[in-house]
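In each ligand, atom 1 is the first atom listed, and ligand 1 is the first ligand listed.
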Amino acid sequence: MINPKIGKLMVFKQPSELAQFAAQHIICLAKEAIEHQDRCTLVLAGGTTPKAVYELLADHFSKEIEWNKVFLFLGDERFVPNDHKDSTYLMVKNSLLNRITIPAKNIFPVPTFASSVDEAARLYNSTIVEFFGNSTPKFDLVLLGMGPDGHTASLFPTSPTLISKNLVAAETNSPKPPLQRITLTYRAFNGADNIVFMITGADKAHTLREVLGARQDFHRLPAQGIRPHDERLLWLVDKEAASQLD
Ligand code: 6PG
């Protein structure tokens with residue numbers, strides 16, 4: 001049974017339909033934020049699912065948005081150089097940044113040039129605090145994916161990052177390669193105005209059923225710890241991932 005407290009769920013026949021809806025929805029929320037506050041703070045997700053969404057944003061919707069008023073952050077990053085094939089920044093650069101006109105000062109990559117993963121997390125924490133002018137950030141929109149083990153961003157089952165009091169934490173033993181990662185924490189994510197999960201693939205069906213179920217245990221299923229204050233949480237899933245839902 002789906003827990004009614006988890007927000008809204010939408011199921012799409014194809015990942016391409018999901019991507020189309022997600023891109024339109026992002027534009028809509030970004031415009032809303034710009035209208036109200038003259039800026040939009042957007043946290044991008046890594047992984048493979050969002051790539052198509054970023055390409056659509058860039059190639060089909062880029063004229064609909066004032067990119068100079070959009071500020072881009074990453075929800076997590078692998079601790080590799082920005083031009084490494086595993087870098088989330090590189091994926092975002094190729095699928096979105098290279099195809100739009102956005103001032104460099106609006107883009108906040110994770111400083112993976114730092115001497116250690118802990119230092120990179122510390123620096124990114126300071127970047128966010130400085131940007132918002134306080135230590136309780138309120139992003140307008142956070143995009144997230146989910147892995148077959150229920151991880152989201154780089155918040156993995158049983159990891160100490162799950163109980164971090166900082167906005168950004170270092171993961172040093174990730175079950176998904178590479179081992180070292182930097183991730184925003186629940187404290188950073190859950191203050192957001194809107195959070196949108198994008199989940200595709202049959203390998204996530206069983207976990208998605210559990211994540212949306214009544215039994216809550218974020219240590220086992222980190223995606224369950226994502227709870228924006230007023231439940232502005234949206235799950236966009238394809239029919240494969242939704243195949244075990246009632
Ligand atoms: C990463 C991510 C991770 C990802 C999920 C889903 O570094 O890969 O940040 O949290 O979003 O594992 O990834 P897919 O969309 O590739 O399934």
Side-chain angles (χ1 to χ4, degrees), residues 12 14-19 21-23 26 42-57 72-82 84-96 108-110 112 117 120-121 124 139 141-159 161-162 164 168-186 188-189 192 195-208 210-212 218 220-226 233-243:
F12 298 85
Q14 301 294 335
S16 57
E17 288 172 23
L18 184 158
F21 179 87
I26 293 165
L42 170 57
V43 179
L44 299 173
T48 50
T49 311
K51 196 168 163 264
V53 177
Y54 302 155
E55 286 168 352
L56 276 174
L57 274 179
L72 298 174
F73 296 80
L74 291 183
D76 70 321
E77 178 59 285
R78 294 104 183 252
F79 188 55
V80 294
N82 274 350
H84 188 282
K85 64 169 180 40
D86 290 337
S87 160
T88 295
Y89 175 76
L90 182 65
M91 180 277 280
V92 169
K93 187 173 167 220
N94 290 336
S95 55
L96 178 68
F108 295 90
V110 178
T112 53
V117 67
Y124 207 44
F139 293 106
L141 172 59
V142 168
L143 304 177
L144 288 170
M146 186 188 83
D149 60 353
H151 80 257
T152 186
S154 288
L155 296 168
F156 291 94
T158 71
S159 168
T161 57
L162 300 176
S164 169
V168 184
E171 170 58 63
T172 53
N173 195 21
S174 163
K176 179 178 179 180
L179 271 185
Q180 296 191 309
R181 290 158 169 262
I182 298 96
T183 186
L184 267 60
T185 61
Y186 291 136
F189 287 134
I195 301 188
V196 177
F197 272 98
M198 298 176 289
I199 302 172
T200 58
D203 58 334
K204 296 169 187 166
H206 177 74
T207 306
L208 185 64
E210 288 206 283
V211 166
L212 300 182
F218 68 85
R220 192 170 73 86
L221 297 167
Q224 288 189 327
I226 299 294
L233 180 57
L234 177 62
W235 301 79
L236 304 179
V237 306
D238 75 342
K239 80 168 189 307
E240 300 284 318
S243 59

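- Note that CD of Glu240 and CD1 of Ile199 are 14.0 Å apart. Values are rounded to the nearest 0.5 Å.
- Here OG of Ser174 is found 7.0 Å from NE2 of His151. Values are rounded to the nearest 0.5 Å.
- With 3.5 Å as the limit, one finds no donor-acceptor pair spanning the side chains of Glu171 and Ser154.
- Of the listed residues (Val142, Leu144, Ile226), just one forms a side-chain contact (heavy atoms from CB on, under 4.5 Å) with Leu233, and that residue is Ile226.
- Only one option out of Val237, Thr49, Thr48, Leu236 pairs with Thr200 in a side-chain contact (heavy atoms from CB on, under 4.5 Å); it is Thr49.
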Show me the short polar-atom pairs for ligand 1: any N or O of it lying under 3.5 Å from a protein N or O, with distances only.
unit_1, atom_1, unit_2, atom_2, d
ligand 1, 7 (O), Arg78, NE, 2.8
ligand 1, 7 (O), Arg78, NH2, 3.0
ligand 1, 7 (O), Arg181, NH1, 2.9
ligand 1, 8 (O), Arg78, NH2, 2.7
ligand 1, 8 (O), Lys176, NZ, 2.6
ligand 1, 9 (O), Asp76, OD1, 2.8
ligand 1, 9 (O), Asp76, OD2, 2.7
ligand 1, 10 (O), His151, NE2, 3.3
ligand 1, 10 (O), Ala153, N, 3.3
ligand 1, 10 (O), Ala153, O, 2.6
ligand 1, 11 (O), Gly46, O, 3.3
ligand 1, 12 (O), His151, NE2, 2.7
ligand 1, 12 (O), Lys176, NZ, 2.8
ligand 1, 15 (O), Thr48, N, 3.3
ligand 1, 15 (O), Thr49, N, 3.0
ligand 1, 15 (O), Thr49, OG1, 2.6
ligand 1, 16 (O), Thr48, N, 2.7
ligand 1, 16 (O), Thr48, OG1, 2.6
ligand 1, 17 (O), Lys204, NZ, 2.4

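- Between Leu143 and Leu42, the closest side-chain pair of non-hydrogen atoms falls below 4.5 Å.
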